There are 2 protein chains.
Amino acid sequence: MTVSTRPRGRPKKVTLEEIADAALALLDREGLDAVSFRRVAGELGVSHMTLYSYLDSKEALLDAMVGRALEVPELTDPHGNWADSLREVLVEIHDALVARPGVAQLILTQSLDGPWVLAIRDRLLALLRPNGFTRAQAVDAISVVVNYVLGTALVEASRGSGASPKAFGLGLDLLIDGLRRGR
Amino acid sequence: MTVSTRPRGRPKKVTLEEIADAALALLDREGLDAVSFRRVAGELGVSHMTLYSYLDSKEALLDAMVGRALEVPELTDPHGNWADSLREVLVEIHDALVARPGVAQLILTQSLDGPWVLAIRDRLLALLRPNGFTRAQAVDAISVVVNYVLGTALVEASRGSGASPKAFGLGLDLLIDGLRRGR
DNA sequence: ACCTGAACACCGTTCAAGT
DNA sequence: ACCTGAACACCGTTCAAGT
């Protein structure tokens, strides 16, 4: 008793996910300049105009790529140890961006204030609020650490992943210790 | 006895400085996408091909714009108070980028590791070294604060200069105090 | 050396048309 | 609804030619 979930009518040639994935593959392989409607469509074997059935503009494509490439990290905070949870999430974000410089470049030109960054801020707010931070303190604290993580990740991604990845952890500890103390 | 410093031959129609300034005006007015060889040349009343007499490529134009727009701050350190001098310079950099979002965008896409950032790192190194930092400590410390300042300035410049400029100073104090303590 | 227009190989996007 | 090619208004860059 298999229930058909196949949509009526002629099957689509592509899906939005396939478009985003093809664009991300191109980004990883050849950098942001290679990501064009024509190139992406070529990878998928469709006309470049087909993409306009799924996306309003190139900006929409870049947004879809960010949404597809980056998960918003879960925040479990199992031991109620907010400082450790905070550190863990920030390291996770940092590592994800450094490991994929093309995606970092994408964030950078596209959405330093997009939904992905907003979602992260929200999760961190939920983490800090029950731990002795007023709302205003938490908002400021989140700005400080998020900006630090983004800045470090973008700088590291923009050079050949050159210098001192351990300096990142050092600064992160200074910030988190300072926040705990000043709470 | 005026000595003529005027060069021989037909006078040039433009100078490299005029090209960079016209491009920066365009950047401030209409954003990075408006900065093209054709638009800049149009502003100056010359053929777009004339720019190739002064610049090898568009990348060279963007580099020239950064060099023209941003001074590398002086570092006097008059009272030998390195922490205050450090803070002052970092605030200066932050404010310069936030005040001119187009230039921040330029840094971002072009030269997060360009000569301007390198020069700043050098000056900060000269500031920290005589104040109880080993070379390795100083290099890490500079990475931390520079990445923080760039991250904050880029995020603030990318939104409509929206949220909490005071959070910047808060994080900066946490970092500098932590560095002093851990030195 | 400096300046130029034509041409080439690309873009994103609009339009009109096909299924 | 989904897909398409032609066309438009742009790019950066190469080339050949002018002064």
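Quick caveat: nothing in here was measured; it's all calculated off a predicted structure. Quick note: numbers below take in every heavy atom, side chains included, and nothing from hydrogens, waters or symmetry partners. In what follows, chains are A, B, ... by sequence order, proteins preceding strands, each numbered from 1.
- Taking atom OH on B:Tyr54 and atom C1' on C:dC3, their separation rounds to 9 Å, with Å as the unit.
- In this entry the distance linking CZ of B:Arg39 with P of D:dG12 reads 11 Å, nearest Å.
- Using a 4.0 Å heavy-atom distance criterion, B:Tyr52 is classed as a base contact.
- Residues B:Glu88 and B:Leu75 have side chains not in contact (no heavy-atom distance under 4.5 Å, counting atoms from C-beta outward).
- Between the CG atom of A:Leu44 and the P atom of D:dC2 there is a distance of 16 Å, given to the nearest Å.
- With distances taken from any side-chain atom of A:Met49 to the nucleotides C:dC11, D:dG5, D:dT14, the minimum falls on D:dG5.
- Look at CG on A:Leu51: it is 10 Å from P on C:dG12, rounded to the nearest Å.
- The phosphate of C:dG12 has OP1 or OP2 within less than 4.0 Å of a side-chain N or O from A:Lys58.
- Annotation: of the two residues near DNA chain D, A:Ser47 and B:His48, the 5′-most nearest-nucleotide partner is A:Ser47.
- Across the protein-nucleic acid pair, B:Arg38 atom CZ and C:dA7 atom P stand 13 Å apart, rounded to whole Å.
- Cluster membership for B:Met49 and B:Val14, using ILVMFWY side-chain heavy atoms within less than 4.5 angstrom, is shared.
- Classification of A:Asp177 and A:Arg180 as a salt-bridged pair holds, one side-chain N sitting under 4.0 Å from a carboxylate O.
- For D:dC11, one of the phosphate oxygens OP1 or OP2 lies less than 4.0 angstrom from a side-chain nitrogen or oxygen of B:Ser36.
- With B:Met65 as the partner, the side chain to side chain contact (heavy atoms under 4.5 Å, CB included) test is satisfied by one option alone out of B:Val103, B:Leu70, B:Leu24: B:Leu24.
- Note on A:Lys12: a side-chain N or O is less than 4.0 Å away from OP1 or OP2 of D:dC2.
- Nucleotide C:dG5 has D:dC15 as its partner under the Watson-Crick or G-U criteria, with both atom distances under 3.5 Å.
- The interatomic distance linking B:Asp33 (CG) with C:dC11 (P) rounds to 16 Å, in whole Å.
- Comparing C:dT4, D:dT13, D:dT4 by their nearest atom to the side chain of A:Val46 picks out D:dT4.
- For A:Ser53, the listed nucleotide lying nearest its side chain is D:dC2; candidates were D:dC11, D:dC2, C:dC11.
- For the pair B:Leu32 CG and D:dG12 P, the interatomic distance rounds to 11 Å; values are reported in whole Å.
- Checked for salt-bridge contact, A:Glu43 and A:Arg29 meet the test: a charged N lies under 4.0 Å from a carboxylate O.
- What separates CG of A:Leu55 from P of C:dT13 is a distance of 10 Å, to the nearest Å.
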